[in-house]
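Computation of the quantities below employed the complete heavy-atom set of this structure, encompassing side-chain atoms and omitting hydrogens, waters and symmetry-equivalent molecules.
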Amino acid sequence: MPEIDPTEHEIAELGPKIKDVDDADELREMLELEEGGEDRVPVKTLIEDRIEKVEGDEGEVDPESIDLDELTVADIANLVRDIDDVAVLEDMLEREEAGQDRKTAKGQIEDRIESIEGSDDEEGEELEYVPPEEKHPDLDHPTNEKQWVESIDDGTYRDMWVYCETQHGELIDVSKEMLGKARRLMDEYNDHYGGDEDGNPEEVVAVLIGDGVSDLTDQVIEYGADRVVYHEDDRLARFRHKPYTEIFCSMARAGGQVADDDHAEVDWKDYDEPRYTVFPATNNGRDLSALVQGELDSGLASDCSGLYIEDAMISNPAKTGKPGDSKEFDRILHMKRPDFSGFEYSTILCIDKPFRDFHPQGASVIPGSFEIPEADPEREGEVVEFDADPADEWFQVEVTDFDTLDSGVDLTGHDVIVAMGRGIGDSPTEGIELGLDLVEAFDDAAFGLSRGVITSSYNFEGHVEQYVGEDRQIGESGQVVEPDVYVAAGISGAIQHKVGMDESDTIVAINTDPDADIRGFSDYFVEGDLFEVLPRLTEAVESGELAAALAEASDD
């Protein structure tokens, strides 16, 4: 029995899982399970393509001698992807023309040739550099100091920087996840590239900003950082846009070519800016990532769930500098995020263009996307206290009083999640109260929401209002959770919500629509009104008879 049963998964979640299966026999067993189950053509194609890839890797196919007539068009597409010799490709094209002469197969070979040497049909001159002040003399920009963006002359970039968010004096889980992922990425990077362009190993640099963060420096190293750069100030106990952004960017620019009042000379950094930056896709992390990347004149891939570093062959003249040319860019951070169809993952690249560098290559990561690594108390690293003097005008707004909810900030790590959707529409306040009652019935549960509730115009009364906020959102643009039990009440099951909870061990869905999408990936589907079902579930949990209540509700 294979480890992955495709009949238990939608195609959207199979793609990322199946790419890690390297056993062709296991893949064939998965194919048999699918053929004996739902027999979905897209799923079978996905598995078959993976089998071809695995067996191709094992068989070391020689493109110069293989009989193209025995290959499918998909086989040829996979084969030419890794061929960089134009002469070999031209020979394959001739053999295809002399054989089956398939238009689509020839197109795959021709496209690969064009990607390497450029197209004969496109002629163009190499781009000429025009200083931005000459190219746009009348440009009016609301931010005067950023009227034009230019590359740093011969800029140097190193290391992967990870912003480690804290709450109540502790690292939040996604900070630990990102440190573990960054550690793996940079270990692989140093093995593959041999370090930076000069052969020096590149590092994971953790950034801590806040009040009392010096207490966390050892812990950050234990989770994977080589160096920790921190700045603490009691005025930074709560996240503030301006000072957090300015301090992070001052750290990132310190020690570079430009050493002035805003770019400090330091002995722990000798490059212009980080090569990569990674932030949590939390409320504060999303704000900070956009502000920092904008200030550093680069781009941002937001809400990512996968990261890897590879070279990329690009033929876009905006990046190569000349129509018809192709150029291979190395050390590119590939940032994967689920698209809106759910069948694919879009991969975003942040690539330099002529006269313009896009560094750091930046991403924000959906909480729960990566595993929390085991802390290693034996790891050693460098701790740097960054000297900054935040300007008083950055603190013009003073927070005199605030309340902190007992739960709802971090939904990960709980045994049970009760999530509410638009099904509360008939009586929003009562619906939320019923969900909270069920949460209270469990020993370790948290309350979550679909995006539909947060963006709606419902009017909530009394204490219920404090439980309806973006910090409780589950899904693509919210948190990713993996509880033992996930109760989805009145949630239709859109793909954006699905990616945030479909790794839960047991999913219980309650919906009046028997054809709701969530039914397809639920373990228990209760067709009924949440206003009737939730009170019965709460009673069953309190009496220890949840399983019996589910069976009874399903029979109804």
Side-chain angles (χ1 to χ4, degrees), residues 15-16 19 77-78 80-82 84 111-112 114-116 118-119 127 149-152 155-163 178 181-182 184-186 188-190 192-193 196-197 202 204 252 271-281 285-286 289-290 292-341 343-366 369-370 476-477 499:
K19 68 179 179 60
N78 290 327
V80 302
R81 187 178 301 148
D82 298 321
D84 297 320
D111 288 346
R112 181 57 183 167
E114 180 178 331
S115 72
I116 295 173
S119 171
L127 297 181
V149 176
E150 286 188 291
S151 168
I152 300 173
T156 56
Y157 310 100
R158 279 176 49 92
D159 300 341
M160 176 171 284
W161 285 41
V162 179
Y163 171 67
M178 293 188 303
K181 181 63 175 179
R184 295 191 296 273
L185 285 172
M186 295 315 291
E188 294 168 0
Y189 174 98
N190 288 320
H192 180 72
Y193 292 106
D196 66 11
E197 288 80 357
E202 297 203 25
V204 175
Y271 51 89
D272 292 297
E273 292 177 353
R275 190 185 298 277
Y276 315 109
T277 50
V278 186
F279 302 82
R286 287 190 179 102
S289 60
V292 165
Q293 292 299 111
E295 178 65 23
L296 296 178
D297 301 329
S298 190
L300 174 73
S302 60
D303 296 342
C304 297
S305 58
L307 302 172
Y308 62 96
I309 300 170
E310 279 188 2
D311 298 345
M313 182 71 75
I314 302 297
S315 57
N316 186 333
K319 298 296 182 181
T320 64
K322 185 178 180 181
D325 277 1
S326 291
K327 179 180 178 180
E328 187 168 41
F329 293 80
D330 64 358
R331 308 167 192 262
I332 302 301
L333 181 62
H334 290 59
M335 300 167 279
K336 298 181 64 177
R337 68 186 311 276
D339 67 12
F340 291 106
S341 70
F343 290 96
E344 298 283 348
Y345 275 73
S346 299
T347 301
I348 301 173
L349 310 180
C350 191
I351 294 178
D352 296 340
K353 61 191 298 184
F355 326 121
R356 172 82 163 86
D357 291 356
F358 285 95
H359 282 81
Q361 301 172 40
S364 64
V365 174
I366 299 173
S369 297
F370 308 125
E476 181 181 13
S477 54
V499 298

Donor-acceptor contact present, side-chain T277 to main-chain W161, <3.5 Å: no
Sidechain-backbone polar pair: Y193 side chain, R331 backbone, donor-acceptor under 3.5 Å: yes
Is the shortest side-chain heavy-atom distance between [X] and [Y] below 4.5 Å?
X    : Y    : answer
E188 : M186 : no
R112 : D84  : yes
M178 : P280 : yes
Q293 : P360 : yes
K336 : T347 : yes

Work out which heavy atom in [X] is nearest to a heavy atom in [Y]; give both atom names and the distance.
X    : Y    : result
G299 : C350 : N-SG, 4.0 Å
L307 : L185 : O-CD2, 3.7 Å
M335 : G362 : SD-O, 3.2 Å
P354 : K319 : CD-O, 3.5 Å
S364 : L300 : N-CD1, 4.0 Å
F358 : I351 : CD1-O, 3.2 Å

Enter the distance from [X]:[atom1] to [Y]:[atom2] here, rounded to the nearest 0.5 Å.
X    : Y    : atom1 : atom2 : value
I348 : L333 : CD1   : CG    : 10.5 Å
I309 : D330 : CD1   : CG    : 11.0 Å
I314 : L349 : CD1   : CG    : 6.0 Å
E273 : S298 : CD    : OG    : 8.0 Å

Side chains of D196 and Y271: donor-acceptor distance under 3.5 Å anywhere? no
For the residue pair H334 and Y308, does the interplanar ring angle fall in the parallel (under 30°), tilted (30 to 60°) or perpendicular (over 60°) class? parallel
Between the side chains of R275 and E197, is the shortest nitrogen-to-carboxylate-oxygen separation below 4.0 Å, so that they form an ion pair? yes
Ionic contact status for D297 with R356, cut-off 4.0 Å: no
Tell me every residue that passes salt bridge (Lys or Arg N to Asp or Glu O under 4.0 Å) with E328, counting only those two or more places apart in sequence or in another chain. none
